[in-house]
Amino acid sequence: MQLTLLGTGCPVVSLERYGPAQLIRTADAAILVDCGSGVTQRLVAAGCPGKLLDAVLLTHLHSDHLVDLYQLIVSSWHQGRERPQRVFGPKGTKRYVEGLMALWEPERRQRIAHEARPSTIGLEVEVTEIADGWTERVGSLRATGFAVDHRPVEHAFGFAFESGGKKLVLSGDTRPCPALEAQAKDADLLVNEVFIHREMPVIAGVRSAETVANVGAYHTLSTEVGKMAQRAGAKRLALTHFVPPACDRAALLAEVRADYAGPVIIGEDLMRFDLADGTLTYGQATLSLPS
């Protein structure tokens with residue numbers, strides 16, 4: 001089972017960290033989690049264009065996690081997709097997708113007529129709304145959705161993936177919560193969001209002290225993520241969804257390592273973890289996963 005961090009950013013625009021998205025692959029499955037800004041480009045860079053996806057999972061319906069969904073649908077069709085795109089997400093996903101497709105329907109109708117491609121089935125979308133405890137098997141990969149605490153967002157999920165005796169857990173957007181700790185127990189890799197509050201100063205006209213407090217309240221603070229991973233007993237911790245995207249990496253590592261005894265990895269766009277062979281690839285370098 002391989003995980004590629006396609007986008008490790010947040011709503012703040014970054015040339016280094018694209019919008020939230022992760023790709024999970026096995027020999028017989030390819031699942032995309034979230035559709036942040038730039039996901040279609042990152043999928044191609046990771047060697048898995050959208051036409052190859054078996055499923056798209058949405059953690060929640062915040063814009064930074066699904067803004068490029070329509071681009072994914074259309075680009076997958078352009079790549080020759082020969083089956084509908086399957087989308088799984090929280091309550092409200094059907095309404096969102098129906099509205100999205102309706103918004104672009106005139107453009108899509110014109111494009112279909114003018115481009116005269118062999119099939120339009122790749123433009124179809126099959127939506128399944130999920131609840132806490134949802135499971136789906138795709139080939140040898142088993143996915144489980146579990147409710148996390150991103151209130152005031154009503155419906156938000158983390159996802160666990162199991163294949164070949166390995167377990168991967170993605171936190172989604174959440175404050176620390178018992179459900180995430182339970183899923184992350186003894187996981188081979190926990191990928192968790194992080195809110196670095198010391199690097200979010202008040203800026204007049206941009207964010208107030210109330211803004212920083214409120215945003216931090218429904219995310220996992222950098223002072224909390226190591227403690228949570230330690231309580232869960234996760235074997236490794238990788239950080240993603242960096243708020244803000246640009247941060248002092250060394251200071252963040254030191255902060256998290258003070259609370260967590262296992263390996264801590266600062267996630268980067270297009271970093272790939274292979275849990276089957278125990279390697280981490282980033283750029284031209286392939287290393288053994290720290291243990």
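The model shown is predicted, which means the values in this text are computed figures rather than measured ones.
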Could you give the distance from [atom1] ([X]) to [atom2] ([Y]), rounded to the nearest 0.5 Å?
X	Y	atom1	atom2	answer
D68	Y18	CG	OH	10.5 Å
R109	H114	CZ	NE2	15.0 Å
L180	F146	CG	CZ	5.0 Å
W134	E136	CH2	CD	5.5 Å
E268	Y282	CD	OH	4.5 Å
L141	Q2	CG	CD	12.0 Å

Would you confirm whether [X], through its side chain, and [Y], through its main-chain N or O, come within 3.5 Å as a donor-acceptor pair?
X	Y	result
K166	L189	no
D132	A147	yes
E193	T220	yes
R17	G9	no
S208	T211	yes
D248	A250	yes
Y260	A234	yes
S163	S140	yes
R236	P290	yes

Basic-acidic side-chain contact under 4.0 Å: [X], [Y]:
X	Y	result
E107	R111	yes
R83	D54	yes
R231	E181	yes
E162	R142	yes
R249	E16	yes

Tell me, please, which residues at least two apart from E224 pass side chain to side chain donor-acceptor pair (under 3.5 Å). none
Work out which heavy atom in E126 is nearest to a heavy atom in P84; give both atom names and the distance. OE2-CG, 3.5 Å
Residue pair K167 / A160: nearest heavy atoms and the distance that separates them: CE-CB, 4.0 Å
Does a side-chain heavy-atom distance below 4.5 Å link [X] with [Y]?
X	Y	value
V225	F195	no
L57	L170	no
L190	M228	yes
I24	V33	yes

Any salt bridge (Lys or Arg N to Asp or Glu O under 4.0 Å) involving residues 277-291? Give me the pairs, sequence neighbours left out, ordered by first then second residue. none
Distance-only donor-acceptor check, side chains T174 and D149, under 3.5 Å: no
Indicate whether the side chain of T8 and that of D269 have a donor and an acceptor atom separated by less than 3.5 Å. yes
Single-linkage hydrophobic cluster, 4.5 Å side-chain cutoff, L23 and L280 together: no
Ring-plane angle category for H150 and Y218, please: parallel below 30°, perpendicular beyond 60°, tilted otherwise. parallel
Under 30°, 30 to 60°, or over 60°: which ring-plane class applies to F159 and F161, parallel, tilted or perpendicular? tilted
D188/K235 under salt bridge (charged side-chain N to carboxylate O under 4.0 Å, His left out): CA gap, chis, key distance, verdict: CA-CA 5 Å; D188 294 280; K235 295 177 184 177; 3.5 Å; yes
Are more than 12 heavy atoms, taken from residues, nucleotides or ligands other than R207, located less than 6.0 Å from that residue's CZ atom? yes
If you count every heavy atom of other residues, nucleotides or ligands that lies below 6.0 Å from E210 atom CD, does the total exceed 12? no
What residue among L239, L252, I266 forms side-chain contact (heavy atoms from CB on, under 4.5 Å) with C247? L252
May I have all residue pairs that pass ring pair (Phe, Tyr, Trp, His ring centres under 6.0 Å) and include part of residues 225-255, sequence neighbours excluded? H65-H241, H219-H241
Under the side chain to side chain donor-acceptor pair (under 3.5 Å) criterion, do T279 and T286 qualify, and how do the steps go? CA-CA 7 Å; T279 58; T286 298; over 6 Å; no
May I have the step-by-step check of side chain to side chain donor-acceptor pair (under 3.5 Å) for S222 and E255, ending in yes or no? CA-CA 7 Å; S222 53; E255 183 174 41; 2.9 Å; yes
